[in-house]
Amino acid sequence: MAKITAICNQKGGVGKTVTAVNLGIGLARAGKKVLLVDMDAQGSLTASLGYQRPDQMENTLATILGRIILDEPVSPGEGILHQAEAVDLLPANIELSGLEVTLVNTMSRETILRDYLNSVRDQYDVILLDCCPSLGMLTINALAAADQVLIPMQAHYLSIKGLEQLIRTISNVKRKINPGLEIAGILITMADLRTTYSREIIELLRNSYGDKLRIFNSIIPQSIRAAETSAEGRSIYLHDPAGKVSAAYASLTREVLAS
C-alpha cells in the first residue's frame with residue numbers, strides 16, 4: 001500500500017510544485033512507483049510535467065471527485081496520465097475551483113479524496129499530493145487522505161509565522177478526522193545561504209521547531225534553474241543535472257527513502 005504524502009503550505013510561492021515534481025521523479029528514478037496528484041485549480045503541477053493546456057483536459061481530479069460525490073462509478077486508474085519521466089499524474093485544471101464549492105455541501109466532504117485514493121493505493125509505492133495554497137476544503141481532503149505532511153517553506157520570517165497556523169490545522173485534522181496523520185518534516189526552499197538573513201531565519205526555525213519536528217538536512221537553494229523547469233515541463237534532473245538544485249533534490253530523495 002502506497003504511503004501518501006501531502007506537500008502542503010497555505011503560503012504560495014514556497015516551492016510546493018517544484019518539490020512534488022522533483023521528489024516524485026527522484027523516487028521514481030530510485031525504483032518506486034509514484035503517483036502525483038495535482039490539487040491546485042491553477043494546474044501548476046500538470047503544466048510542470050509537460051501538459052501545458054490543463055484547462056482543455058476532459059478527465060481531471062475534478063471530474064473524478066465529482067463522480068464520486070454523485071455516487072457514479074469510476075474505473076480504476078481512470079484519468080491517470082503516464083508521464084515520460086516514469087511517474088503517473090492525476091491532473092487538475094480550473095474546474096477544481098468549482099468542485100471546492102460543491103464539497104462544502106457534500107456528505108462526508110472531508111474524505112472524498114481518501115475514498116478515491118484507496119481505490120488506487122495498492123498500485124503505487126508513493127502518492128504525493130501537491131496541495132493548493134490555502135487551507136480550504138481541498139487541502140483538508142488532502143490532509144484527511146495522507147499518512148504524512150511534508151511542509152516546504154522559504155527562509156523568510158513570514159513563512160515561520162504562517163507555519164504556526166498550518167501546524168494547528170494539521171493537529172485539528174489529526175484529532176478529528178485522520179488520527180494517523182504525522183508531519184514528515186519541514187523542507188527549507190529557495191534559500192540563499194550567502195545572506196546573513198537566510199542563515200538567521202534557518203537558525204530561528206531550527207531553534208523554534210527543531211526539537212518538535214524534523215527539519216530535513218537537505219536545503220533547496222534559490223536558483224532560476226528550478227523556476228525554468230516548470231516552463232520546460234520536465235524535472236531538474238533533465239534540465240540541469242549537474243546543478244545545485246538537482247543535487248539538493250537528490251539529497252532530499254535519499255532522506256525520504258531512508259525514513
Side-chain angles (χ1 to χ4, degrees), residues 4-21 24 35-74 77-81 83 87-120 127-146 149-153 159 162 165-166 168-170 172-173 177-178 227 229-231 233:
I4 301 175
T5 301
I7 299 175
C8 183
N9 192 326
Q10 77 275 20
K11 193 174 185 305
V14 299
K16 290 188 294 294
T17 298
V18 172
T19 296
V21 168
L35 172 65
L36 301 176
V37 181
D38 194 341
M39 301 282 302
D40 190 347
Q42 297 176 82
S44 298
L45 176 63
T46 302
S48 294
L49 287 171
Y51 303 94
Q52 297 294 341
R53 295 181 174 83
D55 291 341
Q56 296 180 12
M57 290 181 164
E58 293 184 8
N59 247 354
T60 64
L61 179 64
T63 54
I64 298 295
L65 297 186
R67 285 163 58 186
I68 292 172
I69 290 170
L70 295 172
D71 205 23
E72 296 177 359
V74 177
E78 187 174 348
I80 292 176
L81 305 172
Q83 199 265 353
V87 294
D88 285 358
L89 168 70
L90 183 57
N93 59 19
I94 194 64
E95 292 178 12
L96 201 56
S97 58
L99 184 87
E100 181 141 31
V101 176
T102 303
L103 280 170
V104 173
N105 298 311
T106 300
M107 186 178 295
S108 302
R109 60 189 181 180
E110 298 93 351
T111 57
I112 300 298
L113 178 66
R114 183 164 69 191
D115 292 345
Y116 169 74
L117 292 179
N118 283 342
S119 72
V120 299
I127 298 175
L128 299 180
L129 312 177
D130 182 28
C131 296
C132 55
S134 78
L135 293 177
M137 191 50 61
L138 283 170
T139 298
I140 299 302
N141 260 262
L143 296 176
V149 187
L150 189 155
I151 305 172
M153 61 172 289
S159 294
Q165 183 184 4
L166 177 57
R168 281 197 300 272
T169 300
I170 293 169
N172 285 336
V173 171
I177 305 170
N178 183 4
T229 58
S230 299

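Just so you know, these numbers use all the heavy atoms, side chains as well, and skip hydrogens, waters and symmetry mates.
A distance-only check finds no donor-acceptor pair linking the side chain of D88 to the backbone of I80 [under 3.5 Å]. Within the 3.5 Å criterion, the main-chain N or O of G15 finds a donor-acceptor partner in the side chain of T19. Between the side chain of Q52 and the backbone N or O of A47, at least one donor-acceptor pair lies under 3.5 Å. With D38 contributing its side chain and T46 its backbone, the two residues share a donor-acceptor pair below 3.5 Å. E110 places no side-chain N or O within donor-acceptor distance of the main-chain N or O of N141, the cut-off being under 3.5 Å. S44 places no side-chain N or O within donor-acceptor distance of the main-chain N or O of D40, the cut-off being under 3.5 Å. Although no hydrogens or angles enter the test, the distance criterion places no donor-acceptor pair under 3.5 Å between the side chain of Q83 and the main chain of L89. Looking at R67, its side chain never comes within 3.5 Å of a backbone N or O of E72 through a donor-acceptor pair.
No more than 12 heavy atoms of other residues, nucleotides or ligands sit less than 6.0 Å from atom CD of E58.
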- CA sep, side-chain torsions, deciding dist, call: D130, K16, side chain to side chain contact (heavy atoms under 4.5 Å, CB included): CA-CA 7 Å; D130 182 28; K16 290 188 294 294; 3.6 Å; yes
- Show the numbers, then the answer: is there a side chain to side chain contact (heavy atoms under 4.5 Å, CB included) between I177 and I140? CA-CA 9 Å; I177 305 170; I140 299 302; 4.1 Å; yes
- Message: As a quick check of understanding, evaluate side chain to side chain contact (heavy atoms under 4.5 Å, CB included) for L129 and I7, giving each step before the final call.
- Response: CA-CA 6 Å; L129 312 177; I7 299 175; over 6 Å; no
- Give the C-alpha distance, both sets of side-chain angles, the deciding distance and a yes or no for side chain to side chain contact (heavy atoms under 4.5 Å, CB included) between L61 and L96. CA-CA 7 Å; L61 179 64; L96 201 56; 4.0 Å; yes
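The closest side-chain heavy-atom distance from I69 to T102 is below 4.5 Å. Side-chain contact between L113 and M39 is present, with heavy atoms from C-beta onward closer than 4.5 Å.
Atom OG1 in T169 sits 4.5 Å away from atom CG in L135 (nearest 0.5 Å). Taking CG of L36 as the start and CG of L81 as the end, the distance is 11.0 Å to the nearest 0.5 Å. Of the inter-residue distances, the one linking T63 atom OG1 with E95 atom CD reads 6.5 Å to the nearest 0.5 angstrom. For the atom pair NZ (K11) and CE (M153), the distance works out to 9.0 Å, reported to the nearest 0.5 Å. Note that CD of Q165 is 11.0 Å distant from CD1 of I170, once rounded to the nearest 0.5 Å. Interatomic distance, CE of M57 versus CG of N59, reported as 10.0 Å (0.5 Å rounding).
The minimum heavy-atom distance between T139 and S134, with the atom names listed, is OG1-O, 2.8 Å. Between C8 and L143, the shortest heavy-atom contact is SG-CD2, 4.5 Å. Contact record, V120 with G77: CG1-N, 4.0 Å, taken as the closest heavy-atom pair. Nearest heavy-atom pair across V18 and S230 is CG2-OG, 4.3 Å. Nearest heavy atom pair, residue A145 against residue L117, reads CB-CD1, 3.9 Å. Of all heavy-atom pairs between A62 and L99, the closest is O-CD1, 3.8 Å.
In this structure N93 satisfies the side chain to side chain donor-acceptor pair (under 3.5 Å) test with no other residue, sequence neighbours excluded. By the salt bridge (Lys or Arg N to Asp or Glu O under 4.0 Å) test, R168 pairs with no residue at all, sequence neighbours left out.
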